[in-house]
2 protein chains.
Amino acid sequence: MATRARRGSGRPTLADVASRAGVGTITVSRALRDPERVSSELRERIAVAIDALGYVLNPNARALASARADVIGVLIPSLTNNVFAEVLRGIHDGLGDSALQIQFGNTHYCVDEEERLLRVFLGQRPAALIVSGIDQLPATRRLLETAGCPVVQIMETGPNPIDLMVGFSHFDGGRQATEHLLQVGCRRIGFLGARMDPRSQRRLAGYRSALHSAGTVEELLITTTPSPSSVSMGAYLFRQALSKSPDLDGVVCNNDDLALGVLFECNRQGISVPQRVCIVGYNDLEMMAVAYPSLTSVRTPRYEVGRQAIAMIRAALSGERPELAVVDLGFELKVRESTTRRQPKERIAGLSAPALQ
Amino acid sequence: MATRARRGSGRPTLADVASRAGVGTITVSRALRDPERVSSELRERIAVAIDALGYVLNPNARALASARADVIGVLIPSLTNNVFAEVLRGIHDGLGDSALQIQFGNTHYCVDEEERLLRVFLGQRPAALIVSGIDQLPATRRLLETAGCPVVQIMETGPNPIDLMVGFSHFDGGRQATEHLLQVGCRRIGFLGARMDPRSQRRLAGYRSALHSAGTVEELLITTTPSPSSVSMGAYLFRQALSKSPDLDGVVCNNDDLALGVLFECNRQGISVPQRVCIVGYNDLEMMAVAYPSLTSVRTPRYEVGRQAIAMIRAALSGERPELAVVDLGFELKVRESTTRRQPKERIAGLSAPALQ
DNA sequence: CACAAAAATGGTAGCGCTACCAAGGGTTAT
DNA sequence: ATAACCCTTGGTAGCGCTACCATTTTTGTG
């Protein structure tokens, strides 16, 4: 007899709903996945049964049967970095009412960890994958190419996308920040960088390129560390830079935390900003506009990157194959007090990068 | 004939591993879950077969068969709030090499959203649940009580835990911050608060309690907003507070973003800190120690909260039932320049809350 | 050395869903 | 009227794993 205790969870199943509604299980399954294909009458009866039983679909059973989970794997390098927290927020908001879930992994800026996590994710046959940056290991790249699902590389644009791509150019950002300092009259422009992940490296390359065009590259002016970025690291790097080149009159910071640290250190040492030293940050966190003096920064659309990545994934999952596989969301130099010297006429026009190039 | 194309993923299954190793499927399953129970010889043969085939276990099939997923559901109210980003980091680091995965949901400080997400999570029969705070809706609480898995309430301690609890007292933190300002001689102490979620409310209650003991509560000194917290909001609330009470000589801030905004606004208006106004923040983010002047703040162990929550879950999952279901990790008032007036002898001792009470 | 107890291994029947096929009834074209 | 197509609905056989036994082998004990 089948009276033995059920092995399962004891919760109502699709079959329970079906028998209560007086229909076949497959009809309930269809009503859930594609209501259009079930007559409105049955749809109604099924809805009532689901409600009465408090039925919740078992995602594991669905994933097993369809060999496909409604999970998007997201690999980002850091959680404490505000920038990625905002990307994640954009991703979550982009999901809206879809049934997709986020499974996310922290690579700690380590490519081996990235590959390990990717293998774990692939084990679940995710609906899509989001990875940060364009510098995957060759083996990781191969795994992604054969993943059999949409893959989005975020935060950067570059040649040879694995599949889809949303981001902006860090090289151009670093270059434009540096050109701005040149325009406001700085002649001894330093670069401060922490962590120095590939995106930081490209910002530094942009800095070099700008100074190269101006004919004044000098390695001594570059101060970096592999250590994580922080406000105190900004202060520390600035002290280092000053001791190497006391005539420093501008600094391009790898990110806003460093820039804030530089500002605090200037306050502490009585160095006037922007009169003696101009400061440019990167990302334009909310605090930059409120700081005193307010801080110039390169505004990056990180929240939008997250939203756009999900939008592209949802489009791809519903069969649309966009001609635009690479989306450059651009950036915008926000000029503020930290780089505004005496003559306010020296305003620069046309600094915004194009949106959705 | 069974020559029809396989419906599944096309990847090797446990049965493939078993036949290659010349053992039963269940033995492979055991070798994976509980290696101790399989002889070392078979274990070795199985390991070789797994390696040769590149086998990866299908977590969906496991979850379906065992009616239990290796997933911990985490509900937190915000992603942009640095504090919760660090809790998440602690949670991730706490997982270490365990097979557990994190599935996380952003409640946006909304109790209805919390309940909705909880229902989604429960559909997967998670191994454990982590929720923020102690102010769940009655229905949510009932769902959690009958979840059939460990449940940890984090970030706060209080009476009647649902199951486990890790946090600290926000009331005491707010109270101690306020008492500190009283001790350094402030007489017109304001409170600035944004968002005003339940934890903020309790910090405010602590502020009230301290001033009540000193006999000087005054509602006019309290300035709050339901809007999200930000640095610019700190500057804005401070301007508001000043216009209501121009004789303000100290502010207790609901969090560090607000405190930083206050500092910038003081700089902008030429209000000297700490001579004319003392500032206390809450959480002690990294920047507080570097700011100029450096900012006093209540240090909260948010990373540790995440780690401890996972430690308790792992203990519970391996059958240990701790006598200590509620862990108070305490906090510590970090006194810095923003509240250090002329006489440095006025140092306060014994301000640290106990760790692991 | 007999016998019980424990340890190691395997067979099989699900877990709850969906892919695949088939069938019934209605509509339109011929 | 017949054929050719919808559209709607259902039966059934898995998806890849583990729970629950059953069986065999090893070990311990008087």
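Here the structure is a predicted model, which is why all the values come from computation and not from measurement. Naming convention: chains lettered A, B, ... in sequence-line order (proteins, then strands); numbering from 1 in each chain.
- In this structure a side-chain-to-backbone donor-acceptor pair under 3.5 Å is missing from B:Thr27 to B:Val23.
- Look at CZ on A:Arg125: it is 21 Å from P on C:dC17, rounded to the nearest Å.
- When only modelled atom types and interatomic distance are considered, A:Arg33 and A:Ser29 share a side-chain donor-acceptor pair under 3.5 Å.
- The distance from atom CG of A:Leu64 to atom C1' of D:dG14 is 9 Å, rounded to the nearest whole Å.
- Rounding to whole angstrom units, CG of residue A:Asp70 and C1' of C:dC17 are separated by 13 Å.
- Of the candidates D:dG16, C:dC17, D:dC17, the closest approach to any side-chain atom of B:Leu57 belongs to D:dC17.
- Here the side chains of B:Asn58 and B:Thr13 are not in contact, with every heavy-atom distance at 4.5 Å or above.
- With 3.5 Å as the limit, one finds no donor-acceptor pair spanning the side chains of B:Arg43 and B:Ser39.
- In the set C:dC17, C:dA19, D:dC17, the nucleotide with an atom closest to the side chain of A:Ala61 is C:dC17.
- Using a 4.0 Å cut-off on heavy atoms, the residues of residues 25-34 of chain A that approach DNA chain D are A:Ile26, A:Thr27, A:Arg30, listed by number.
- A:Arg20 places no side-chain N or O within 3.5 Å of a backbone atom of A:Leu53 that could act as its donor or acceptor partner.
- In this structure, A:Leu14 atom CG and D:dG11 atom P are separated by 14 Å, rounded to whole Å.
- Between the CZ atom of B:Arg11 and the P atom of D:dG16 there is a distance of 9 Å, rounded to whole Å.
- Annotation: the terminal axes of the helix from C:dC1-D:dG30 to C:dT30-D:dA1 meet at 20°, where each axis is the rotation carrying the C1' atoms of four end pairs onto the next four (5 pairs per end, rounded to 10°).
- Side chain of B:Arg89 to main chain of A:Asn106: no donor-acceptor pair is present (N/O by atom type, distance under 3.5 Å, no hydrogens or angles).
- Using a 4.5 Å heavy-atom cutoff, the side chains of A:Ile76 and A:Phe104 are in contact.
- Residue pairs that meet the side-chain hydrogen bond (donor to acceptor under 3.5 Å, both in side chains) test with at least one member in residues 129-143 of chain B, sequence neighbours left out, are B:Glu115-B:Thr140, B:Asp135-B:Arg202, B:Gln136-B:Gln153, B:Arg141-B:Glu145.
- By the ring pair (Phe, Tyr, Trp, His ring centres under 6.0 Å) test, B:Phe84 is found to be paired with no residue, residues two or more places apart in sequence or in another chain being considered.
- Rounded to whole Å, atom C1' of D:dG16 lies 6 Å from atom CG of B:Asn58.
- B:Phe121 pairs by the ring pair (Phe, Tyr, Trp, His ring centres under 6.0 Å) definition with nothing, not counting sequence neighbours.
- Residues B:Glu113 and B:Arg116 are paired through a salt bridge, judged by an N-O separation under 4.0 Å between the basic side chain and the carboxylate.
- Residues of residues 36-55 of chain A that place a heavy atom closer than 4.0 Å to DNA chain D, in numerical order, are A:Val38, A:Ser39, A:Leu42.
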